[in-house]
Colleague: 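Please read through the structure below; I'll follow up with questions.
No hydrogens, no waters, no symmetry mates; every other heavy atom, side chains included, goes into these values.
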Protein chains: 2
Amino acid sequence: MNISGTHYRTIWPTVTGSVRVIDQSRLPFEFATVDLETLEDAASAIRSMVVRGAPLIGATAAYGIALASRQDSSDTHLKEAARTLQATRPTAHNLAWALSQMRRALKRVSPRERANVAFKEAARICDADVEQCRAIGVHGFEIIRRRAAAVGRVVNILTHCNAGWLACVDWGTALSPVYAAHDAGIPIHVWVDETRPRNQGASLTAFELAAQGVPHTVIADNLGGHLMQRGRVDMVIVGSDRTTAAGDVCNKIGTYLKALAARDNDIPFYAALPAGTIDWSLDQGSDIPIEERSATELTHITGRSSSGALATVRVVPESSPVLNLGFDVTPARLVTALITERGLCAASRAGLESLYPDRRIAHALVGS
Amino acid sequence: MNISGTHYRTIWPTVTGSVRVIDQSRLPFEFATVDLETLEDAASAIRSMVVRGAPLIGATAAYGIALASRQDSSDTHLKEAARTLQATRPTAHNLAWALSQMRRALKRVSPRERANVAFKEAARICDADVEQCRAIGVHGFEIIRRRAAAVGRVVNILTHCNAGWLACVDWGTALSPVYAAHDAGIPIHVWVDETRPRNQGASLTAFELAAQGVPHTVIADNLGGHLMQRGRVDMVIVGSDRTTAAGDVCNKIGTYLKALAARDNDIPFYAALPAGTIDWSLDQGSDIPIEERSATELTHITGRSSSGALATVRVVPESSPVLNLGFDVTPARLVTALITERGLCAASRAGLESLYPDRRIAHALVGS
C-alpha cells in the first residue's frame, strides 16, 4: 500500500542480503524500517512486535529460517531455529504454518543450497500472502457492495485491532475488502476500535486508513456495542490469528465482545483470513493457547508529548496487579461467514471443507 | 472510607463555609482536595470531573445550590443556578433528582433563611446517600455470601468504571457489597475494567480497592468476555447513572458489552443504585440523552512519567477523528436484578414498583 505516495510492503529482502521490515512499534508517530540480519533479529522482531499480525508473523518467520540457513544450514541448526521462532508467539497459527512450509521446501535440499532455496521460498510465501489478501478483498468487496446498494448511503464498518496491510505483507485481511470498496468509489466509513492494551487500532489501523484516504473514526473499545444498538454499524469485519476446523475464530482480545453485540443487534459479523490461519488439527477454540503478555502493556502507555518527543507514562497505580491476555475466541455460532482467499463460507467444519476439500492432504503435509 | 488510616467522605462542608471535595482528576497518583466557594466552582468541579459518579454529582449539585443561595438567594438566581448545574452533565439522573430535592426544601423559605436551609438540606442529602449506600451493601452482601458458600473458594467479581465510594459520598454502590463482604472475611477478588477512555477503573477503583486492602486485578476492557468464557468470573456488579422505570440501566460506556458476555456465559449481572438514580418518567433506555465528551479524553492520556511528574501524551494520530460517548444502555432483559437501598428487585416496572410503591407520589413531588 502507499505511504506518502510510495508503495511499500511490510517486509522485503534488500540487495545486501538483509530483510527489511517496517518498525510497527514506532507507528503512528514515526515511520522507520529495521534491517534483520540474523535469526535472532527475526525472532526478536516478532517477540517485541516490531512486526505483528498473523500473516506477517508467518512471513517474518519464513525469512527467519532463511537468515538462519545462511548462518548455519545444518539440520540441527534449522530445527533449533524453527523452535526459537515458534516460541516467539504461541497463538498465531500462521507461524507454525510458515515454518512447516519452509521445512517442506528445504528437507530434500543439500545444506549448501539451502540458503538460496530458503530465501526463494520465503519470497514465495510473501507473494502468495499478497495474492491471498487481494483475493480476500475481491470476495469481501461483494459483501460491502451489496450492503451499500441495500442501504443507499455510507456503509459503516466496525473493525477491531489491525488486520490491515500492516498485519500482512500487503492489502490486509479484514481491511482488504475495505480498500477494494474505497478504490471502487463505494462510500464507506470505518469505526476503528482503539484496541487496548497495545492500541493497534488507534495507532496502526488509523494510520493505514488515513494514509489511503479512507474515512474513519477512532473509538474506545467500549463504544462499539452502543453504536450497534443505535444503528450506526452495518457490519463488522475482523481478522483471525487462528481459526479452528470447526470455525471458531481466535483473534485479538475483545473481538468476542463485538461479536456478541453484533448478534444482539442482527448485524453481520465476518472474519477474514487466509488458509494459513486455519488450524485443521483443532475443533474447539477453547483448546487454543492464549498468549499472556507483559503487564507493562497495560500499565504504561507511549505517545507523543507536547514537546513532540515520544514519552511513556504509567497509568495504573503500582499497588494494583494486572492481567494481560492477548486473544479471545469467538465461537463459530456468532460468525456470519468466513471470508477467505477462496471465497465465503459458513464458520463450520462443513463450510471450511467446502472451500478446502484438499485440507486433509494439506494437514498431512503440515504435520510431516 | 479510609485513606492511609484517615476516614474520608468525598464531599464535606468546612468550618470556613466552603465545600471541600477530593480532586478525583488527580487520582491515583496524587491525593488532594479542592475547596468550592461559589456556584461556578461547584459547576466547574462537576463539568471537569473533579467530582464524578452519579450520587456524588447529585451531592455536589445540592451544595452548588447552597453556595449559590449564599451569593444571591433570590428565586431568579436559584433558578438560574439550577439550570447551570443541570447543564453540566446530561446523563446522570441524580443531578436532576438532587436539584428537585433542593427546590422542594427551599420553595417555602424566605430568601434570607435560604442559605442556612440549603446547607442543611445538602448535608441531609449526603447523609441519606451514605445510609442508602450502606444499605445497598447489606443487600448485595447476601448475594456474595451465598455465592461464596456455593463455590467454596474465592468469589471473582467483575466491575466496570468506578461505582465505589469515590462515586458517592461514602461506601459506594457497586462496591458497597464488595466492602461489606471483605469486612466480613468472605474471600473475594475483583476484576477491575480499566474503563477507557477516562480510565476510572484503573485509576479510581484500583486506588479504592488497594486502599481498603481488597484483592483485585486491573484488566483491559477487552478481557472480561474471555474471563467469563473461562469460568473466571462469578458475578458482575456495576453502578448506574440512570435507571428507567422499566429497569433499563444506563451506565458507563462498555457496560452493555459486559452484560452481553455475562448472559452468554450464564453469569449473574447486577446493577446497584440508590432511588435517586431511578428516572420514573422514562421507560425506554434509548430515550436517555447520551453525553458526548471531549475527543481529548480518547486522544490523550495522563500518567506518571519515569521522572515522577504527571505528563500527558497523545496516543491517536492527529489525522484521525474520534468519537467519545460517555454511556450506554443495558436493556433490562440482560440484568439479573437491581440492588437498591430497599433490597433486590427484578429489572422491570413491576420489580421497581414492588420496592417503591410510593413512586408515583415521589414522581409527582419531583416534577413539582
Colleague: Chain A heavy atoms under 4.5 Å from B:L209: which part of the residue, side chain, backbone, both or neither?
Modeller: neither
Colleague: I need the minimum non-hydrogen distance between A:L323 and B:L223, along with the two atoms involved.
Modeller: O-CD2, 3.7 Å
Colleague: Who wins among A:P215, A:P317, A:S306 for the most heavy-atom pairs under 4.5 Å with chain B?
Modeller: A:P317
Colleague: Is there a side chain to side chain contact (heavy atoms under 4.5 Å, CB included) between A:R263 and B:L260? Walk through the geometry before answering.
Modeller: CA-CA 10 Å; A:R263 173 57 51 97; B:L260 285 170; over 6 Å; no
Colleague: What distance do A:F29 atom CZ and B:E318 atom CD have between them, rounded to the nearest 0.5 Å?
Modeller: 7.5 Å
Colleague: Using heavy-atom distances under 4.5 Å, tell me whether B:R232 contacts chain A through its side chain, its backbone, both, or neither.
Modeller: side chain
Colleague: For A:V218 and B:S320, work out which heavy atoms get closest and say how close.
Modeller: CG2-CB, 3.9 Å
Colleague: Between A:R333 and B:D264, is there a salt bridge with N-O shorter than 4.0 Å?
Modeller: yes
Colleague: Quick one: what part of A:T302 sits under 4.5 Å from any heavy atom of chain B, side chain, backbone, both or neither?
Modeller: backbone
Colleague: If you count heavy-atom pairs under 4.5 Å with chain B, which of A:S319, A:A220, A:A295 comes out on top?
Modeller: A:A220
Colleague: May I ask you to name which of A:G224, A:P321, A:S203 has the most heavy-atom pairs under 4.5 Å with chain B?
Modeller: A:P321
Colleague: Work out which heavy atom in A:V315 is nearest to a heavy atom in B:A202; give both atom names and the distance.
Modeller: O-CB, 4.2 Å
Colleague: Flag the pair B:P331 / A:Q229 as yes when at least one side-chain heavy-atom distance between them is below 4.5 Å, and no otherwise.
Modeller: yes
Colleague: Let me know if A:P28 has heavy atoms under 4.5 Å from chain B in its side chain, its backbone, both or neither.
Modeller: side chain
Colleague: So which of B:N324, B:N199, B:V329 has the biggest tally of heavy-atom pairs under 4.5 Å with chain A?
Modeller: B:V329
Colleague: Look at A:R230 together with B:D328 and state whether they make a salt bridge at an N to O cut-off of under 4.0 Å.
Modeller: no
Colleague: Check whether any side-chain N or O of A:N222 sits under 3.5 Å from a backbone N or O of B:R196 as a donor-acceptor pair, and report yes or no.
Modeller: yes
Colleague: Check whether A:L27 gets within reach of chain B through its side chain, its backbone, both or neither, counting any heavy atom under 4.5 Å.
Modeller: neither
Colleague: Side chain from CB out, backbone as N, CA, C, O: work out which of these in B:I290 comes under 4.5 Å of a heavy atom of chain A, or both, or neither.
Modeller: side chain
Colleague: Among B:A211, B:A261, B:A210, which residue forms the greatest number of heavy-atom pairs with chain A at distances under 4.5 Å?
Modeller: B:A261
Colleague: Considering only heavy atoms and a distance below 4.5 Å, find which of A:P197, A:G201, A:G225, A:S305 pairs most often with chain B.
Modeller: A:G225
Colleague: Using non-hydrogen atoms only, which part of B:T312 is less than 4.5 Å away from chain A: side chain, backbone, both, or neither?
Modeller: backbone
Colleague: Check whether B:E194 gets within reach of chain A through its side chain, its backbone, both or neither, counting any heavy atom under 4.5 Å.
Modeller: side chain
Colleague: Looking at B:H160, B:H300, B:H226, which makes the most heavy-atom pairs under 4.5 Å with chain A?
Modeller: B:H226
Colleague: About how many Å separate CD1 of A:I219 and CG of B:L298, when rounded to the nearest 0.5 Å?
Modeller: 9.0 Å
Colleague: Give the member of B:D193, B:D221, B:T195 that has the highest number of heavy-atom pairs under 4.5 Å with chain A.
Modeller: B:D221
